[in-house]
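Heads up: the structure comes next, in structure tokens.
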There are 4 protein chains.
Amino acid sequence: MTKTKAGRPRSEKAKQAVLNSTYELLTESGGKKLTIEAIAQKAGVGKPTIYRWWPSLADIVLEAVLNQADVKIPVPPYESLNTTLRQFLRSSMKSINEGDGSNLRYLMSLAQQDESFRDRFRENFVAKRQEILKSILRQAVDANDISSTQDLDMLVDLIFGSMWYRLLIGHGTMDEVFADKLTDIVIKLGNSDEVC
Amino acid sequence: MTKTKAGRPRSEKAKQAVLNSTYELLTESGGKKLTIEAIAQKAGVGKPTIYRWWPSLADIVLEAVLNQADVKIPVPPYESLNTTLRQFLRSSMKSINEGDGSNLRYLMSLAQQDESFRDRFRENFVAKRQEILKSILRQAVDANDISSTQDLDMLVDLIFGSMWYRLLIGHGTMDEVFADKLTDIVIKLGNSDEVC
Amino acid sequence: MTKTKAGRPRSEKAKQAVLNSTYELLTESGGKKLTIEAIAQKAGVGKPTIYRWWPSLADIVLEAVLNQADVKIPVPPYESLNTTLRQFLRSSMKSINEGDGSNLRYLMSLAQQDESFRDRFRENFVAKRQEILKSILRQAVDANDISSTQDLDMLVDLIFGSMWYRLLIGHGTMDEVFADKLTDIVIKLGNSDEVC
Amino acid sequence: MTKTKAGRPRSEKAKQAVLNSTYELLTESGGKKLTIEAIAQKAGVGKPTIYRWWPSLADIVLEAVLNQADVKIPVPPYESLNTTLRQFLRSSMKSINEGDGSNLRYLMSLAQQDESFRDRFRENFVAKRQEILKSILRQAVDANDISSTQDLDMLVDLIFGSMWYRLLIGHGTMDEVFADKLTDIVIKLGNSDEVC
DNA sequence: AGCTAAGCGAGACGGTACGTCCAGTCTTGCA
DNA sequence: TGCAAGACTGGACGTACCGTCTCGCTTAGCT
């Protein structure tokens with residue numbers, strides 16, 4: 001029995017206005033002008049409405065980014081480790097270079113300032129990306145492109161770790177060359193058991 | 001002709017008071033209570049004194065951390081890749097677990113909020129750590145523990161990247177097991193050319 | 001033909017709940033916690049219901065106070081100016097000291113903030129009290145206790161004016177002594193024409 | 001030995017800007033647009049500067065009114081009760097009619113909302129006016145225009161009480177006629193002892 | 001030895017954003 | 001169609017820090 005709650009229901013319009021305004025302010029300024037006050041003003045929404053629905057600025061940003069990015073990185077159907085991973089990493093790099101990078105850096109920054117948001121960021125964002133990459137690697141194991149003794153989580157840490165590292169520090173490029181190097185390294189590691 | 005400037009010279013006492021207070025506030029609260037106001041109060045120093053000598057809060061934190069951590073991670077004399085790298089990574093993990101991790105996370109967060117500080121953070125902090133690791137790897141190449149065709153920068157990115165990734169996201173442990181896995185992977189990759 | 005209106009009729013229960021809650025909140029806090037929100041919550045009533053029936057918070061308060069105080073100050077049957085006025089003023093003082101004073105002060109405060117409520121306050125509240133006092137004075141004129149040339153409105157202003165003044169400023173007591181002094185003054189003034 | 005306090009001294013400019021802006025906003029709107037936010041904006045002053053120096057909006061208003069009104073009601077040198085009091089009350093009425101009335105009403109309203117401000121209002125404002133009137137009456141006693149047995153405080157309450165009453169309720173005019181009536185009443189009461 | 005100019009602490013300044021409270025309005029479903 | 005519930009826009013609240021400023025007081029080096 002679905003009990004409908006009394007009272008005026010949440011305004012979907014207000015919700016979308018907040019998320020869109022947040023996303024725009026974020027991409028405009030890289031986070032410098034992103035304040036609750038500014039979001040409220042731009043969205044034409046009262047501040048209490050924002051505080052009613054999100055526990056912190058960070059959570060608005062996370063939802064706004066998810067709201068936009070839902071379908072941006074398509075998981076390609078598995079062909080071979082060489083092909084599929086390379087393509088996945090190349091398109092990841094591309095998306096980062098095209099502006100998502102700044103959002104990611106901002107989210108990571110927020111995650112360091114709020115313990116509880118860090119948890120939500122991990123669960124709702126990072127974990128999902130890890131799962132996508134891991135599923136590619138699992139298919140590679142099934143296809144015998146990676147030895148079944150490999151620690152896939154470790155591979156994921158190596159790949160995403162070095163990508164985040166370059167993104168956050170800014171000492172190296174996020175281009176196809178980097179994607180290819182990473183792919184080659186995974187291929188090497190995937191086969192290393194048979195050899196040594 | 002070195003003209004000594006007239007007037008009262010910079011107070012070394014004030015400088016140290018600021019750096020120490022900053023470090024204490026940082027480790028106490030993980031950054032939450034770290035404001036210029038709080039530093040000035042705790043150090044018994046006027047705010048203008050702080051602004052005279054540091055361009056931003058981030059730079060104070062960076063100097064405070066460097067001030068404390070200068071000698072914490074000793075570079076061991078090279079024996080073998082297996083021994084020396086393992087030793088280095090294990091002691092890195094230990095230092096991170098013992099409290100430095102929180103400071104690193106805070107610095108990285110600040111680096112995302114200020115473009116120009118990010119540069120200084122890279123040059124004065126990250127680059128130095130990279131150089132230490134790279135010098136170990138270079139010695140490994142000299143000792144034929146790593147093939148001379150390897151891209152050492154890439155190895156550094158893999159190692160430090162995955163470490164930062166775990167530190168920032170908090171999805172995996174920073175312990176000896178992780179240090180050993182990383183060491184093993186570097187050894188595998190170092191030899192992979194000869195084999196495949 | 002009296003057409004009964006369609007739809008649900010006004011809930012008398014809701015009305016009383018609002019007035020009672022208002023009165024309680026008012027006497028509890030002297031007006032500090034008296035907000036429409038608080039009234040609605042305490043009365044278990046929706047805010048729109050309140051706005052439908054009263055033009056402002058002030059009007060609710062006025063009605064709530066009238067609702068409670070209707071019969072508090074009985075007009076005694078006229079005996080003599082000395083007896084009846086003294087009695088009336090003494091019981092007025094008593095009621096003010098027993099808690100009504102705070103309500104009166106709050107109403108007067110509200111009346112200064114809203115021009116149109118000030119009119120309603122004057123018509124529905126103050127004027128009625130003035131009329132009661134004036135009717136006593138009129139009976140005194142009839143009984144020759146006051147000279148018929150006296151300006152009764154002026155006497156009312158003197159009496160109620162000095163009472164409100166003490167109540168609002170708080171520089172003097174509202175006790176029997178004050179009531180008696182006022183009575184004596186009225187008696188003196190009432191006869192002054194014959195004499196001087 | 002006068003010890004000068006350390007730190008930047010209070011800005012007299014900011015103080016005057018606040019008081020002037022407050023006075024203007026008050027006379028413009030009768031208190032409706034008078035918010036700390038608006039004062040800060042109009043005065044070109046930060047809100048914290050206001051909160052540093054005044055405990056509440058009411059206290060700003062009080063000081064602003066005092067700041068403006070310091071010399072508005074001159075105490076005339078005593079001639080006779082008939083002349084001096086009449087003149088004093090007439091000029092009081094005039095000042096009230098010319099705009100001060102609204103400020104007084106607003107101050108009285110604020111005094112009902114804040115117990116501690118009510119005390120300050122009484123001490124710093126009302127008491128001073130009472131003292132002025134009482135000094136006139138005292139001179140009248142010295143000149144034998146008022147019997148020495150009269151309770152002067154009571155007379156003050158009657159005069160100022162009825163004036164405030166008319167001002168706050170708005171049921172009667174504040175004109176020369178009223179001033180004259182009050183004067184006459186005081187004269188009558190002043191002599192009443194000899195007679196009755 | 002005294003002068004002088006910069007550094008020092010203290011703390012007020014104009015601001016910005018915070019997170020909260022309440023106002024007054026709107027939109028539901030139930031009675 | 002009135003009601004309770006409760007979400008809505010909006011505005012002011014009082015607070016925390018920001019980065020700048022103006023004080024009077026050190027204090028070290030140069031004359």
Side-chain angles (χ1 to χ4, degrees), chain A residues 3-11 13-15 17 33-41 43-53 55-57, chain B residues 3-11 13-15 33-41 43-53 55-57, chain C residues 5-11 13-14 17 33-41 43-53 55-57, chain D residues 3-11 13-15 17 33-41 43-53 55-57:
Chain A
K3 251 275 231 10
T4 321
K5 269 196 298 178
R8 182 177 178 174
R10 176 175 184 183
S11 154
K13 208 179 88 185
K15 179 181 167 180
K33 290 178 205 161
L34 191 59
T35 64
I36 302 238
E37 204 115 314
I39 295 171
Q41 172 133 29
V45 143
K47 276 200 287 176
T49 301
I50 295 182
Y51 285 106
R52 228 193 312 276
W53 297 111
S56 76
L57 175 58
Chain B
K3 251 280 241 0
T4 321
K5 272 196 294 182
R8 183 177 177 175
R10 176 174 185 184
S11 153
K13 209 178 87 187
K15 179 180 169 183
K33 290 179 202 160
L34 192 59
T35 64
I36 302 255
E37 204 114 316
I39 295 172
Q41 173 128 32
V45 144
K47 279 203 284 175
T49 302
I50 295 181
Y51 284 105
R52 226 190 315 273
W53 300 110
S56 77
L57 175 59
Chain C
K5 272 196 293 180
R8 183 175 177 178
R10 176 174 184 185
S11 152
K13 209 179 83 185
K33 290 179 201 159
L34 191 60
T35 63
I36 303 255
E37 203 113 316
I39 295 171
Q41 173 127 31
V45 144
K47 278 201 285 174
T49 303
I50 295 181
Y51 284 105
R52 228 191 313 276
W53 298 109
S56 77
L57 175 58
Chain D
K3 252 274 231 14
T4 321
K5 269 197 298 180
R8 183 175 175 175
R10 177 174 186 184
S11 153
K13 208 179 89 188
K15 179 180 167 181
K33 290 180 205 158
L34 192 58
T35 64
I36 302 237
E37 204 114 314
I39 295 171
Q41 174 132 29
V45 143
K47 277 201 286 175
T49 299
I50 296 181
Y51 284 106
R52 229 191 312 274
W53 299 110
S56 76
L57 175 57

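Chain letters run A, B, ... following the sequence lines, proteins first, then strands; residues in each count from 1.
With rounding to the nearest 0.5 Å, the separation of CD in A/Glu37 from CD1 in A/Ile39 is 10.5 Å. One distance of note links CZ of B/Arg52 with CD1 of B/Ile50; it measures 10.5 Å at 0.5 Å rounding.
Spacing between atom CD of A/Gln41 and atom P of F/dG11 amounts to 10 Å, rounded to whole angstrom units. Spacing between atom CD of D/Glu37 and atom P of E/dT20 amounts to 17 Å, rounded to whole angstrom units. In this structure, NZ of B/Lys13 is placed 11 Å from C1' of E/dG9, rounded to the nearest angstrom. For D/Ile50 and E/dA12, the CD1 to C1' distance is 14 Å, given to the nearest whole Å. At whole-Å resolution of the value, CG in D/Leu34 and C1' in F/dG11 are 15 Å apart. As rounded to whole Å, 15 Å separates atom C1' of E/dT16 from atom CD1 of A/Ile39.
The phosphate of E/dC8 (OP1 or OP2) has a side-chain N or O of B/Trp53 nearer than 4.0 angstrom. Within the structure, every side-chain polar atom (N or O) of C/Arg52 is placed at least 4.0 Å from both OP1 and OP2 of F/dG2. Contact between the side-chain N/O atoms of D/Arg8 and the OP1/OP2 oxygens of E/dG9 is not found at any separation under 4.0 Å. Taking side-chain N and O atoms only, A/Thr49 has no distance below 4.0 Å to OP1 or OP2 of F/dA7.
Take the nearest nucleotide of DNA chain E for D/Ala43 and for A/Pro9: the residue whose nucleotide is more 5' is D/Ala43. Comparing A/Pro48 and D/Ile36, the nucleotide of DNA chain F nearest to each residue sits closer to the 5' end for A/Pro48. Residue-to-nucleotide proximity on DNA chain E shows that, of A/Tyr51 and C/Leu57, the 5′-proximal contact is made by A/Tyr51.
In plain terms, the two heavy atoms of C/Leu34 and C/Leu57 that are nearest each other are O-CD2, 3.5 Å. Across all non-hydrogen atoms, the minimal contact from A/Gly46 to A/Ala40 is C-CB, 4.5 Å.
Not a single donor-acceptor contact under 3.5 angstrom links the side-chain atoms of B/Lys47 to the base of E/dG9.
Picking from E/dC8, F/dC13, F/dA16 the nucleotide with the shortest atom distance to the side chain of B/Ser11 gives E/dC8.
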Report task. Tell me, with the steps shown, if D/Lys15 and D/Trp53 meet side chain to side chain contact (heavy atoms under 4.5 Å, CB included). Result -> CA-CA 9 Å; D/Lys15 179 180 167 181; D/Trp53 299 110; over 6 Å; no
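Counting any heavy atom pair closer than 4.0 Å across all strands shown, D/Ala14 reaches sugar-phosphate atoms only and no base atom.
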